[in-house]
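Working notes, structure below.
Side chains are part of it too, since the values below use all heavy atoms of this structure and drop only hydrogens, waters and symmetry mates. One-based numbering, in listed order, for ligands and for the atoms of each.
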Amino acid sequence: MVAQLVDSFGRVATDLRVSLTDRCNLRCTYCMPAEGLAWLPGPELLTDDEVARLVEVAVCRLGVREVRFTGGEPLVRRGLVDIVSRTARLSPRPEISLTSNGIGLTRLAAPLREAGLDRINVSLDTLSPDTFARLTRRDRWNDVVAGLAAAAEAGLTPVKVNSVLMRGTNDHEAPDLLAWCLERGYELRFIEQMPLDAQHGWDRQTMVTAEEIIERLETRFTLVPDDPSRRGSAPAESFLVDGGPGRVGVIASVTRPFCGDCDRVRLTADGQVRNCLFARSESDLRTALRSGADDAELARRWQAAMAGKLPGHGIDDPSFLQPSRPMSAIGG
Ligand code: SAM
Ligand code: SF4
């Protein structure tokens, strides 16, 4: 029998998020400072072979059924297509998805699809190229929109769009973003802004809450909560829009946490297991791997890393401390 990644509260992790790089070609204000960050040194990054080996351990020995590649920006990782193709050859074959800012997808969507990528989430927070340039500090709106079209064209459907709303910047755009996505057949999901930016600029008092997002959408659309049995451990609360079939999701990580149903585990680009996005400690698989640990030993260490998972992230708790790694280095 395949072992499982189970924690002391009985939650089983079957969804692995793999960060392939901490680097990025955008500088979203809710994620990174304008000058970027001190990137992980090359020798500390897992090689393509090391990533493939750890993904194999997770899928073949530890019951992981879904692998999502992320970053930083995963499309800047040269070996991405090969890593996806090696993941798709595993047995049992996991679901394979990607979270990306979309820049470069016009070139990569078709090869990724061919390599075995099943689904993609592309982040787009605004319909205004000017607002995009202010929010991401790069003038690349057209590239992202072209990337989304390329993903749909390549059959990476349903294409999902992730949006983070920032007060006074793009929070007035919620209904327009939804109309735009519905017209194109993209599934939009709003994500509440979380305290994961390197600059520590997050403020609980001013963040745009799920409740506000829903209120804003309801000024133009009728939203009916989707059948809750469809949600499972998915972080998004889903709503049927104007009777369906279009849907919209809201990920209320801060105001309505879903930690009790969490089935995630994360692997950073430098080979550290994180049992929670907000974990304040990590388990080093890279050193074990480079010191000659066999697959059984790596699996055992991975299981031990999961056992200590806390019951929740406690963002709303006065004693909450932001993790020292920013989102871009954890893998969102
Ligand atoms: N670069 C890719 C992208 O932007 O999609 C993948 C990595 S990014 C860290 C993954 C997701 O996290 C994106 O949808 C992004 O909008 C979201 N994100 C980044 N910082 C966030 C924050 N502070 N709060 C909530 N979501 C955030
Ligand atoms: Fe880059 Fe994604 Fe962070 Fe934006 S959210 S800076 S695209 S890693």
Side-chain angles (χ1 to χ4, degrees), residues 17-37 39-40 68-77 80 97-105 108 112 119-126 131-141 143-144 147-148 151 156 159-167 169-171 177 181 186-204 206-210 213 235-236 249-255 257 264 266-269 274 277-278 313 315 320 322-323 325-332:
R17 313 254 146 162
V18 181
S19 174
L20 292 177
T21 176
D22 58 333
R23 291 174 189 248
C24 189
N25 39 18
L26 296 182
R27 294 285 182 273
C28 304
T29 51
Y30 50 73
C31 183
M32 273 198 212
E35 64 280 13
L37 295 164
W39 310 125
L40 290 167
R68 175 173 293 274
F69 294 106
T70 179
E73 176 46 47
L75 295 187
V76 306
R77 171 112 185 190
L80 172 66
S97 53
L98 186 76
T99 302
S100 163
N101 65 25
I103 297 170
L105 267 184
L108 283 166
L112 282 168
R119 288 178 287 105
I120 191 159
N121 290 46
V122 175
S123 304
L124 178 68
D125 306 318
T126 175
T131 306
F132 185 93
R134 247 183 302 127
L135 209 154
T136 69
R137 306 186 179 101
R138 297 289 185 273
D139 187 11
R140 306 294 298 267
W141 187 85
D143 297 306
V144 177
L148 274 162
L156 293 167
V159 173
K160 292 193 179 170
V161 173
N162 290 353
S163 291
V164 176
L165 295 181
M166 310 261 291
R167 197 172 301 284
T169 303
N170 62 341
D171 54 330
L177 277 162
C181 286
Y186 305 152
E187 270 187 29
L188 176 63
R189 296 133 39 99
F190 291 98
I191 308 175
E192 276 182 346
Q193 190 189 351
M194 295 178 277
L196 286 168
D197 56 313
Q199 333 62 288
H200 293 242
W202 181 85
D203 179 357
R204 177 72 174 85
T206 58
M207 63 163 281
V208 182
T209 63
I213 295 167
V250 181
I251 303 182
S253 321
V254 179
T255 60
R264 311 260 164 104
R266 294 183 150 79
L267 179 67
T268 64
R274 296 181 61 90
L277 191 51
F278 294 91
H313 57 49
I315 294 177
F320 173 77
Q322 189 173 329
R325 264 190 208 252
M327 180 73 133
S328 55
I330 296 173

Checklist line | Polar side-chain atom of N170 near backbone of V164 as donor-acceptor pair, under 3.5 Å | finding: yes
Notebook entry, point to check: With a 4.0 Å cut-off on heavy atoms, does S253 reach ligand 1?
Noted result: no
Notebook entry, point to check: Just which atoms of ligand 2 are under 4.0 Å from any heavy atom in N101?
Noted result: 7 (S)
Check: Are the side chain of D22 and the backbone of L40 linked by a donor-acceptor contact shorter than 3.5 Å?
Finding: yes
Next item on the list: Starting from atom 9 (C) of ligand 1, locate the nearest protein heavy atom and write down its residue, its atom name and how far away it is, to 0.1 Å.
Entry: M327 CG, 3.3 Å
Margin query: Rounded at 0.5 Å granularity, tell me how far CG in D125 sits from CG in L135.
Written below: 5.5 Å
Checklist line | Verdict with supporting geometry, R68 and N121, side chain to side chain contact (heavy atoms under 4.5 Å, CB included) | finding: CA-CA 10 Å; R68 175 173 293 274; N121 290 46; 3.2 Å; yes
Next item on the list: Please round to the nearest 0.5 Å and tell me the distance separating atom CG of L26 and atom OG1 of T136.
Entry: 4.5 Å
Next item on the list: Using a strict cut-off of 4.0 Å, indicate which atoms of ligand 1 neighbour a heavy atom of C31.
Entry: 20 (N)
Check: Of all the atoms in ligand 1, which lie at a distance below 4.0 Å from a heavy atom belonging to G72?
Finding: 1 (N), 2 (C), 6 (C), 7 (C)
Note to self: Could you tell me, atom by atom, which parts of ligand 1 come under 4.0 Å of a heavy atom of T70?
What the structure shows: 6 (C), 7 (C)
Item checked: Atoms in ligand 1 flagged as close to S123, the criterion being non-hydrogen separation under 4.0 Å -> 3 (C), 4 (O), 5 (O), 13 (C), 14 (O), 16 (O)
Next item on the list: Look at atom 11 (C) of ligand 1 and say which protein heavy atom is nearest, naming residue and atom and giving the distance to 0.1 Å.
Entry: T99 CG2, 4.3 Å
Notebook entry, point to check: Between T268 and R274, do the side chains contain an N or O donor and an N or O acceptor separated by less than 3.5 Å?
Noted result: no
Note to self: Out of all atoms in ligand 1, which are within 4.0 Å of some heavy atom of V164? Include the element for each.
What the structure shows: 16 (O), 26 (N)
Check: Of all the atoms in ligand 1, which lie at a distance below 4.0 Å from a heavy atom belonging to N101?
Finding: 2 (C), 3 (C), 5 (O)
Next item on the list: Could you tell me whether P195 approaches ligand 1 through its side chain, its backbone, both or neither, with non-hydrogen atoms closer than 4.0 Å?
Entry: neither
Note to self: Whether the side chain of H313 engages the backbone of S253 through a donor-acceptor N/O pair (distance < 3.5 Å, no angle test) should be reported.
What the structure shows: yes
Next item on the list: Report, as yes or no, whether the 6.0 Å neighbourhood of atom CG on D139 holds more than 12 heavy atoms from other residues, nucleotides or ligands.
Entry: no
Item checked: Side-chain donor or acceptor of R27 paired with backbone N/O of R137 under 3.5 Å -> no
Next item on the list: May I ask which of G331, G71, C28, A329 has a heavy atom nearer to atom 8 (S) of ligand 1 than the others do?
Entry: G71
Notebook entry, point to check: When you measure from the side chain of W141 to the backbone N and O of T126, does any donor-acceptor pair fall under 3.5 Å?
Noted result: yes
Next item on the list: Write out the residue and atom name of the closest protein heavy atom to atom 4 (Fe) of ligand 2, then the distance separating them to 0.1 Å.
Entry: C28 SG, 2.3 Å
Next item on the list: Please check if any side-chain donor atom of T209 sits under 3.5 Å from a side-chain acceptor atom of E192, or the reverse.
Entry: no
Checklist line | Those atoms of ligand 1 less than 4.0 Å from some heavy atom in S100 | finding: 2 (C), 3 (C), 5 (O)
Checklist line | Closest protein heavy atom (residue, atom, distance) for atom 21 (C) of ligand 1 | finding: Y30 CD1, 3.6 Å
Notebook entry, point to check: Side chains of E73 and T21: donor-acceptor distance under 3.5 Å anywhere?
Noted result: no
Notebook entry, point to check: What residue and atom, counting heavy atoms only, is the protein's closest point to atom 2 (Fe) of ligand 2, and at what distance?
Noted result: C24 SG, 4.4 Å
Next item on the list: Indicate, as side chain, backbone, both or neither, the part of N162 found under 4.0 angstrom from ligand 1 when only non-hydrogen atoms are considered.
Entry: side chain
Item checked: Sub-3.5 Å N/O-N/O distance, M194 and ligand 1 -> yes
Notebook entry, point to check: Which atoms of ligand 1 have any heavy atom of E73 under 4.0 Å away?
Noted result: 1 (N), 2 (C)
Notebook entry, point to check: Can you tell me which residue and heavy atom of the protein come closest to atom 3 (Fe) of ligand 2, and the distance to 0.1 Å?
Noted result: C31 SG, 2.5 Å
